[in-house]
Amino acid sequence: VGRKEKTEIAISERTNIVFDYKAAFENSVEQVRSEGRYRVFADLKRVRGQFPQAVRRREDGSEQDVVIWCSNDYLGMGQHPVVLKAMQDEIDAVGAGAGGTRNISGTTRSAVDLEAELADWHQKEAALLFTSGYVGNEATLSTLQKILPGLITFSDALNHASMIAGIRQGGGERHIFKHNDLAHLEALLAAAPAGAPKLVAFESVYSMDGDIADLAGTIALARKYGAMTYLDEVHAVGLYGETGAGVAERDGVLDQIDIIECTLGKAIGVMGGYIAADAVIIDAVRSWASGFIFTTSLPPALTAGALASVRHLKTHPELREQHQERAATLKARFAAAGIPVMDSESHIVPVHVGDPVHCKMISDMLLDEYGVYVQPINYPTVPKGTERLRFTPSPNHTDEMMDHVVQAMDRLFAHCNVARRSVAA
Ligand code: PMP
């Protein structure tokens, strides 16, 4: 029997005995569908050296050329020759998998070298790799509560799902402060016992609105109340600061953030996550975090690719300048056409649509009729009434591509009769 048939038999056999498993699975999908949250993935084949162009396979098997406008490979490093060569060379030299967890034969040379490079980048004593940024946040934030008994975590209301998961998993006391609201954070800090260990967990660039936290202000409060700071720079690393170490570098506060958490999967263009901190913090997390200890380490080709990418990013500030220029140009072009760009301080260009039906409709028509691929961002990722399209232009997005996308948006906003007023996030 084929795999599908086997599953059906297994499900129906159990069904007769106790519980309608199949219906439960179907109902759970139906619930997502009825809430307008059912996801359909675009099947894309990226073409080597052609980013942001790709080939999409439609459901009927036919193919269509598209331009990707929602990639988090912000600088196109996932296609950069320096990164590709490093990955290929590493496969040729050492093979495919790491062969084990870090403790059991899986500590590869390129992982060790990458951790040293990352620590240096963030001006920290040490760094620690994880399978992904998600795992890095979840493992570290939960483990800090084991290491620091009674830890009280203060978390920004818009923190990423992986931070929330880690904080909840730790099981300790936690307080949510209103997004980027330092007065609220201070009120919560002031109300907590003075002697208790505390952690303020926040992000630099928030990826859905594109706003940037007040790092210096948050650090000052944390210091005033004796709290440690944990900063997710997933959407900033590679993109801000003189060498690309993130907003903490740009703002001159690298030495004042206790733990910096990043991904290797966005501007660095590969996959994986890491934290950078004092050696004693890294040593403790390394020793206690299940999400680090009990999993096979990253393949050497990934860590070698990431290492080449980081070294390249450190010494190529022009990539960051081009990236900022492209984002500013797209914002200005949309605004000139009356397309409501939300008030973003960063490279992220969110366009306000304001309801889920039009948001999905415009996104579908952009893809089907114009070959413009941008995902709709709907509730619960963003609040109801703020549904949006989130554009992420890279240095590889040309003026012609921008002409095309502005024209397409102009026509579709008219077609769907969506308001064109300017909107502040
Ligand atoms: N933090 C933030 C703020 C994110 O947006 C994401 C992913 N979108 C992550 C962490 C997780 O990173 P990764 O994709 O490497 O798992």
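Note that the structure is a prediction, hence the values are computed from the model and not measured. For ligands, and for the atoms within them, numbers begin at 1 and follow the listed sequence. We're numbering straight along the sequence, starting at 1.
- Below 4.0 Å from some heavy atom of N137 lie the following atoms of ligand 1, by number and element: 1 (N), 10 (C).
- Checked against a 6.0 Å centroid threshold, the rings of F391 and H397 do not count as neighbours.
- Residue contacts with ligand 1, taken as heavy atom pairs separated by less than 4.0 Å, involve K266 solely via side-chain atoms from C-beta onward.
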In sequence, state the C-alpha distance, the side-chain angles, and the governing distance for D65 and K45, and then conclude on salt bridge (Lys or Arg N to Asp or Glu O under 4.0 Å). CA-CA 10 Å; D65 289 335; K45 185 171 72 184; over 6 Å; no

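- Closest to atom 10 (C) of ligand 1 by heavy atom, among L158, V135, D232, is D232.
- Among all non-hydrogen protein atoms, the one lying nearest atom 11 (C) of ligand 1 is Y134 N, 3.3 Å.
- Ligand 1 has no nitrogen or oxygen under 3.5 angstrom from a nitrogen or oxygen of S207.
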Please walk me through it: do K85 and D92 pass salt bridge (Lys or Arg N to Asp or Glu O under 4.0 Å)? CA-CA 10 Å; K85 177 155 189 342; D92 289 344; over 6 Å; no

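- Looking only at protein heavy atoms, the nearest one to atom 13 (P) of ligand 1 is G133 N, 3.4 Å.
- Of the protein's non-hydrogen atoms, the one nearest atom 9 (C) of ligand 1 is H160 CE1, 3.5 Å.
- For the pair E242 (side chain) and E249 (backbone), a donor-acceptor distance under 3.5 Å is absent.
- Here the side chain of E261 pairs no donor or acceptor atom with the backbone of I275 at under 3.5 angstrom.
- Distances below 4.0 Å separate heavy atoms of S162 from the following atoms of ligand 1: 10 (C).
- Counting heavy atoms under 4.0 Å from ligand 1, residue H235 touches it through the side chain alone.
- Aromatic ring orientation, H347 versus Y74: perpendicular (interplanar angle above 60°, classes split at 30° and 60°).
- Side chain to side chain, E186 and Y225 meet the donor-acceptor criterion of an N or O pair below 3.5 Å.
- Between V234 and ligand 1, no N or O atom pair is found at a separation short of 3.5 Å.
- The distance criterion of under 3.5 Å between nitrogen or oxygen atoms is not met by E203 with respect to ligand 1.
- Of all atoms in ligand 1, listed by their number and element, those nearer than 4.0 Å to a heavy atom of T263 are 13 (P), 15 (O).
- Neither the backbone nor the side chain of N72 has any atom closer than 4.0 Å to an atom of ligand 1 (non-hydrogen atoms only).
- Relative ring orientation between H160 and Y134 is described as perpendicular, the plane-to-plane angle rising above 60° on a 0-90° scale split at 30° and 60°.
- Under the 30°/60° scheme for interplanar angles, the aromatic rings of H179 and Y206 are found to stand perpendicular.
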